[in-house]
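Quick notes on the structure that follows.
Just so you know, ligand 1 is whichever comes first in the structure, and atom 1 is the first atom listed for that ligand.
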Amino acid sequence: MEVKGKVGVITGGGDGLGEAISKNLAAAGVRIVVGDVVEEQINRVVDEIKAAGGEAVGKVANVTREADMAALMDLAVDTFGGLNIVVANAGIIRDGLMINTDRETGKVKRVMSTEDFKLVIDVNLTGAFLTLREAACRMVDNNYPGVLITISSVNKTGQVGQLNYSTTKAAMALWPKILAGEFHMRRINNIRVASVSPGYAATAILQNMNQKALESILKDVHLGRLVEPDEIAAAIKFIVENDAVDGADIEVTGGLTYARSRAK
Ligand code: NAD
């Protein structure tokens with residue numbers, strides 16, 4: 001698909017990977033709609049895209065709210081007359097063990113709260129569902145060609161301490177197969193679905209992780225450093241441009257292995 005002149009909506013586009021994706025697509029000529037829960041961040045990203053010569057608008061839109069997602073997609077259609085690229089990027093973590101025991105007594109001293117479990121499911125899973133559903137309704141009804149993209153994670157394989165988060169990210173890697181299959185059944189042949197699984201990338205979300213655990217995990221990364229947000233954004237652009245990428249998940253992890261580099 002030719003990206004120039006297309007219309008893209010990025011949830012969680014006010015920071016981190018979403019910001020990089022918004023700016024990267026805007027630089028390629030995509031007209032961008034930034035959704036996020038933090039208004040100043042939305043305004044900053046929109047202003048920076050415009051200052052760089054791109055086109056963008058933004059709106060406070062919480063992915064957990066049906067009406068917000070409908071309004072965000074309508075903003076794209078009303079402002080730019082179309083909707084072609086939708087990245088369900090907004091995501092959060094609330095890490096912890098399901099049950100944590102006291103070192104001395106061996107008894108349970110803390111649990112993952114129901115609130116922390118549900119919040120991550122709500123934002124990462126229900127949020128992506130509402131994002132893609134509201135987008136797909138408008139794309140199908142108006143015959144807008146395009147691509148729906150979810151953000152999974154290398155942690156889709158199951159990261160200890162992230163029962164809630166890994167659950168949502170495993171799901172995100174499955175959705176392209178399920179939804180591309182749905183569209184195929186209904187002869188919706190001009191909307192593709194794909195996902196990107198980033199490795200550990202240099203954004204604010206990592207600040208909420210256990211830093212010792214992160215340091216240890218990085219020893220298993222062949223690349224030897226965090227993945228840059230621009231490297232994830234480049235994978236998104238590749239998906240958009242390549243019509244053969246469909247029903248699939250692409251890993252951009254810097255080579256996260258289960259082997260540890262020898263200490264120097
Ligand atoms: P981030 O915390 O830097 O940015 C997330 C953005 O989403 C923020 O701007 C935040 O305000 C917004 N947001 C949070 N809750 C929202 C809601 N309810 N509705 C709308 N917007 C909301 O995070 P990031 O690292 O850029 O992560 C982006 C996506 O990439 C997430 O889905 C995350 O799970 C995934 N991911 C990140 C990494 C990484 O290492 N950074 C790795 C794998 C996957």
Residues in the immediate environment of ligand 1 (any heavy atom closer than 4.0 angstrom): Gly12, Gly14, Asp15, Gly16, Leu17, Asp36, Val37, Val38, Ala61, Asn62, Val63, Asn89, Ala90, Gly91, Ile92, Val123, Ile151, Ser152, Ser153, Tyr165, Lys169, Pro198, Gly199, Tyr200, Ala201, Thr203, Ala204, Ile205, Leu206
Test: Glu66 and Arg133 ion pair at under 4.0 Å: yes
Electrostatic pair Lys6:Glu2 at N-O distance under 4.0 angstrom: no
Polar side chain donor-acceptor pair, Asp36 to Gln41, under 3.5 angstrom: no
N-O pairing of Lys177 and Asp249 below 4.0 Å: no
Pairing of Glu40 and Arg44 as salt bridge, 4.0 angstrom limit: no
Test side-chain contact (heavy atoms from CB on, under 4.5 Å) applied to Leu72 and Val9, step by step: CA-CA 8 Å; Leu72 191 68; Val9 173; 3.5 Å; yes
